[in-house]
Number of protein chains: 2
Amino acid sequence: MKKKERHQLLRKLVQQDVIRKQEDFVDKLHERGIEVTQATISRDIKELQLVKVPAQDGGYRYNLPPEMNYDISKKLSRLMRDAFVSIDTQREFVLIRTLPGNAFALGSLIETAKYSEMFGCVSGDDTVLIICRDEESAERFQRRIISFI
Amino acid sequence: MKKKERHQLLRKLVQQDVIRKQEDFVDKLHERGIEVTQATISRDIKELQLVKVPAQDGGYRYNLPPEMNYDISKKLSRLMRDAFVSIDTQREFVLIRTLPGNAFALGSLIETAKYSEMFGCVSGDDTVLIICRDEESAERFQRRIISFI
DNA sequence: AGGTCGTCAGTATATTTATACAGTTTATTC
DNA sequence: GAATAAACTGTATAAATATACTGACGACCT
């Protein structure tokens, strides 16, 4: 059993079954004749970015990553490469220009990504205006966005 | 300091600052002259359904609930009104057409919403293809989506 | 007032999770 | 192949988190 396979399996299990704690994973794997320890599961969970969510029934349960951040990044990156025109900063504002019709999509993605520097975000047809927490955030945010290109 | 207020504050803190562990919350509150213990924070976190997410920098960080379902619905609704062109069902497939450049964003939102009818989802530039579990799911899913407009 | 119920928070502790360290396996380079 | 490095895991334990238990406080009775 390779790490990759185990990761696959964990993803599957976390969706199929209710996993309340890491030991539950260990048990499930044991049932399938796979020997692992809680320590390994802890590391797997970190890599897979699984999260332990307080459930409505008063308990806890592990879940898939809240945002497929990886995925979001990929989409952002693709969209940036496709539609990016320019970016500029003024005080705590960042203005991104895109090809016409793309700004809304870009804004949506940026909002979904929930960058900590960001305070708010409005999108027009070819412009996304991001309001950051302060000037420094704006700088940092600009760098982040540029790095997608 | 009432529980409600504290919850408000925790929500704010978790967005503004990087909270790596519950003690960080305790410290932040102490800075503001609010006395609480880790135990209380643990309970607050459970109630607020905050989650500890493995971060990209190798550490951990607390975040808002993965399902801001309310929020997601709002965004979906907004995006649908803005960018929706048509929807169609064939067998277990649902095809949504949007204005060019918007399908990614729509697909992202739909994926984030994790509808139970949905099996998978791919987005192009102006098209989102949703593969449902079966024909009935597809019908139901279509109705759901239409209700956003 | 006294009594009862419900909410809430602290203390102490049990439970759960993360990780330092060491050993083993697997890949890489000479 | 041998040597070296990198990836991976278990053991033991540290660190972080959840919770049983208890007491405090307030609301609402009688």
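Per chain, numbering begins at 1; letters A, B, ... match sequence-line order.
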How many whole angstroms separate atom CG of B:Asp44 from atom C1' of D:dA18? 13 Å
Side-chain N,O (A:Ser42) to OP1/OP2 (C:dA18) below 4.0 Å: yes
Rounded off to whole Å, could you give me the NZ-to-C1' distance for the A:Lys21 and D:dA16 pair? 16 Å
OP1 or OP2 of C:dT19 sitting under 4.0 Å from any side-chain N/O of A:Lys46? yes
Figure out the NZ/P separation between A:Lys3 and C:dT26, and round it to whole Å. 14 Å
Spell out, as yes or no, whether a donor-acceptor pair under 3.5 Å connects the side chain of A:Glu92 to the backbone of A:Ile131. no
Heavy atoms of other groups near A:Phe119 CZ, more than 12 under 6.0 Å: no
Could A:Arg43 and A:Glu47 be called an ion pair, given the rule that one side-chain N must be under 4.0 Å from one carboxylate O? no
Grab the CZ-P distance between B:Arg20 and D:dA15 for me, whole Å please. 17 Å
The bend of the helix from C:dA1-D:dT30 to C:dC30-D:dG1, taken between the axes of its five terminal pairs at each end and rounded to 10°, is 30°
Respond yes when some side-chain nitrogen or oxygen of B:Tyr62 is under 4.0 Å from OP1 or OP2 of D:dT17, and no when none is. yes
Starting at atom CZ of A:Arg61, determine the distance to atom P of D:dA18, rounded to an integer number of angstrom. 17 Å
May I ask you to verify if any side-chain N or O of A:Thr40 is less than 4.0 angstrom from the OP1 or OP2 atom of D:dT9? no
Show me the protein contacts with nucleotides 20-24 of chain D, counting only N or O atoms at under 3.5 Å.
unit_1 : atom_1 : unit_2  : atom_2 : d
D:dA20 : N6     : B:Arg43 : NH1    : 3.4

Which nucleotide, C:dT17, C:dA9, D:dT17, lies nearest any side-chain atom of A:Gln22? C:dT17
Roughly, in whole Å, what's the span from NZ in A:Lys2 to P in D:dA7? 16 Å
Non-hydrogen side-chain atoms of A:Val26 and A:Thr37 separated by less than 4.5 Å: no
Side-chain heavy atoms of B:His7 within contact of B:Arg11, under 4.5 Å: no
Measure from CZ on B:Arg6 to P on C:dG10 and round the result to the nearest Å. 7 Å
Would you kindly give the CD-to-P distance between A:Glu23 and C:dA14, to the nearest whole Å? 18 Å
Could you tell me whether B:Glu47 contacts a base, only the sugar-phosphate backbone, or nothing, with contacts defined as non-hydrogen atoms closer than 4.0 Å? nothing
Under 3.5 Å donor-acceptor pair, B:Gln38 side-chain atoms to D:dA18 base atoms: yes
Look up atom CZ in B:Phe25 and atom CG in B:Leu29, then write down how far apart they are to the nearest 0.5 Å. 8.0 Å
Count the heavy atoms belonging to other residues, nucleotides or ligands that lie under 6.0 Å from CD of B:Glu5, then report whether that count exceeds 12. yes
Give, for atom CG of B:Asp17 and atom NZ of B:Lys28, the distance between the pair rounded to the nearest 0.5 Å. 4.0 Å
Return yes if some donor-acceptor pair links the side-chain N/O of A:Lys52 with the main-chain N/O of B:Lys52 below 3.5 Å, else return no. no
Less than 4.0 angstrom between a side-chain N/O of B:Lys52 and OP1 or OP2 of D:dT17, yes or no? yes
Sub-3.5 Å donor-acceptor pair from the side chain of A:Thr89 to the main-chain atoms of A:Glu139, do we have one? no
